[in-house]
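The basis for the numbers below is simple: all heavy atoms, side chains too, and nothing from hydrogens, waters or symmetry mates. Every number for a ligand or one of its atoms is a count from 1 in the order of the listing.
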Amino acid sequence: MNIVFLGAPGAGKGTQAQRLMNDKGIPQISTGDMFRRAIREQTPTGMKAKEYMDRGDLVPDEVVIAMVKERLAEADCQNGYILDGFPRTVKQAEELDKIAQIDVALNIAVPDEVIISRLGGRRVCAKCGGTYHISMLKDNACPACGGELYQRDDDKPETVKNRLNVYAEKTAPLIDYYAGKGVLVTADCTGTVDENYKAVLTALKMD
Ligand code: AP5
């Protein structure tokens with residue numbers, strides 16, 4: 001099954017995609033994670049992406065599309081995948097349609113005030129990449145591996161504001177794009193992580 005996860009920054013796409021991957025064995029392809037890895041490894045793609053990400057802007061379509069095409073050609077994607085953070089523009093969706101058939105696009109629906117609180121409290125493990133909210137943590141150590149937790153640069157308030165504006169302008173139109181293709185489903189994800197996962201499975205008809 002080829003699944004696209006749609007949703008504003010901080011809606012919980014990554015949290016739910018990781019859960020679905022661990023539960024159902026479908027690989028999660030997160031373009032944000034791929035860029036952050038490329039930045040850490042100082043690859044040419046990473047260097048190009050960094051300036052856009054630091055501002056909360058989208059990385060140019062041609063850079064993202066080339067990276068995703070390469071990733072989807074790998075062996076683990078041949079029986080399906082969860083695209084988390086891609087496509088993000090209509091151009092990206094059109095390019096994706098040329099190489100893949102999307103079975104379902106899941107819109108993770110969360111009001112803006114919840115999103116701002118989730119992003120302000122997000123902490124990421126430097127060692128294993130696990131993502132948490134400060135409300136779930138006892139201290140600054142990763143509950144899974146003990147690694148040190150940090151705040152993402154683009155979770156600073158001024159960058160979050162720009163990311164939400166960019167989402168409204170460039171990415172929200174994809175909701176209509178996939179509705180028009182008859183593959184859009186929606187999960188209300190305002191609850192706890194467990195409650196939201198149930199809503200995700202129900203929307204995907206995987207429960
Ligand atoms: P990316 O990493 O994709 O960021 P994003 O879409 O802004 O999404 P986030 O990772 O911020 O949020 P999420 O929805 O995954 O939420 P999460 O599960 O972490 O992209 C970063 C940048 O890369 C972009 O700005 C852009 O520059 C570039 N980029 C990436 N893809 C691109 C593309 N296709 N085209 C162009 N540029 C691209 O949850 C958020 C927080 O909430 C966490 O702390 C989590 O623990 C917490 N949380 C989740 N669920 C709950 C809950 N139910 N209750 C309480 N807390 C919760």
Side-chain angles (χ1 to χ4, degrees), residues 4-21 28-39 45-46 48-69 71-72 82-96 106-125 129-137 142-144 149-156 159-172 174 187-200:
V4 164
F5 271 21
L6 296 173
K13 301 180 297 294
T15 301
Q16 295 300 326
Q18 273 178 17
R19 187 97 183 241
L20 191 62
M21 173 174 71
Q28 170 208 15
I29 316 293
S30 160
T31 42
D33 287 350
M34 289 165 84
F35 284 133
R36 281 183 287 278
R37 195 174 318 120
I39 290 170
T45 299
K48 215 176 286 174
K50 189 175 182 329
E51 58 174 303
Y52 296 94
M53 292 176 74
D54 283 349
R55 290 196 299 263
D57 288 336
L58 294 181
V59 177
D61 283 339
E62 60 276 14
V63 177
V64 193
I65 290 163
M67 183 177 77
V68 171
K69 278 186 177 167
R71 179 66 185 91
L72 294 186
I82 308 159
L83 284 167
D84 162 12
F86 182 93
R88 260 307 225 266
T89 62
V90 170
K91 169 81 181 158
Q92 291 179 18
E94 289 169 349
E95 288 298 316
L96 178 62
L106 173 73
N107 182 29
I108 300 206
V110 180
D112 272 4
E113 60 273 18
V114 177
I115 280 178
I116 288 164
S117 137
R118 284 187 187 171
L119 287 179
R122 173 162 52 192
R123 296 295 180 271
V124 182
C125 175
T131 299
Y132 307 95
H133 190 266
I134 43 173
S135 61
M136 307 164 179
L137 297 164
C142 172
L149 300 174
Y150 69 94
Q151 183 172 32
R152 266 171 48 176
D153 284 343
D154 62 351
D155 281 348
K156 307 275 157 62
T159 317
V160 165
K161 206 167 151 223
N162 188 39
R163 286 165 65 201
L164 290 173
N165 288 338
V166 168
Y167 169 78
E169 188 193 333
K170 304 223 166 111
T171 308
L174 291 178
D188 171 358
C189 284
T190 41
T192 64
V193 172
D194 285 347
E195 287 165 350
N196 295 346
Y197 186 58
K198 279 191 196 132
V200 165

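- Under the 4.0 angstrom criterion for non-hydrogen atoms, R152 is in contact with ligand 1.
- Dense packing is recorded around NZ of K156, with more than 12 heavy atoms of other residues, nucleotides or ligands lying under 6.0 Å away.
- For ligand 1 and Y132, the ligand atoms under 4.0 Å from any heavy atom of the residue are 43 (C), 44 (O), 46 (O).
- Annotation: R123 places no N or O atom under 3.5 Å from an N or O atom of ligand 1; distance criterion only.
- In terms of protein heavy-atom proximity, atom 22 (C) of ligand 1 is nearest to M53 CE, 3.7 Å.
- At a heavy-atom distance under 4.0 Å, no atom of E195 approaches ligand 1.
- Atoms of ligand 1 lying under 4.0 Å from any heavy atom of G191, numbered from 1 in the order shown and given with element: 52 (C), 53 (N), 54 (N).
- Distances below 4.0 Å separate heavy atoms of D154 from the following atoms of ligand 1: 21 (C).
- Remark: distances from the non-hydrogen atoms of A49 to ligand 1 are all 4.0 Å or more.
- Regarding atom 48 (N) of ligand 1, its nearest protein heavy-atom neighbour is R118 CD, 3.8 Å.
- Backbone and side-chain nitrogen or oxygen atoms of G14 are examined, and one is located within less than 3.5 angstrom of a nitrogen or oxygen of ligand 1.
- Of the options R88, K13, Q18, the smallest heavy-atom separation from atom 1 (P) of ligand 1 is shown by R88.
- Of the heavy atoms in Q16, none comes closer than 4.0 Å to ligand 1.
- In this comparison of R55, R163, M136, K50, the heavy atom closest to atom 55 (C) of ligand 1 sits on M136.
- Taking the centre and axis of the six-membered ring of Y52, the NZ or CZ atom of R55 falls inside the cone set by 45° and 6.0 Å.
- For the residue pair D188 / T190, a side-chain donor-acceptor distance below 3.5 Å is found, with atom types taken as modelled.
- Of all the listed residues (D54, D57, L6), D57 holds the heavy atom that lies closest to atom 27 (O) of ligand 1.
- The CD1 atom of I65 sits 5.5 Å away from atom CZ of F86, with the distance rounded to the nearest 0.5 Å.
- With respect to atom 47 (C) of ligand 1, the closest heavy atom belonging to the protein is H133 CB, 4.0 Å.
- The shortest N or O to N or O distance between G10 and ligand 1 is below 3.5 Å.
- Between the side chain of Q92 and the backbone N or O of R88, at least one donor-acceptor pair lies under 3.5 Å.
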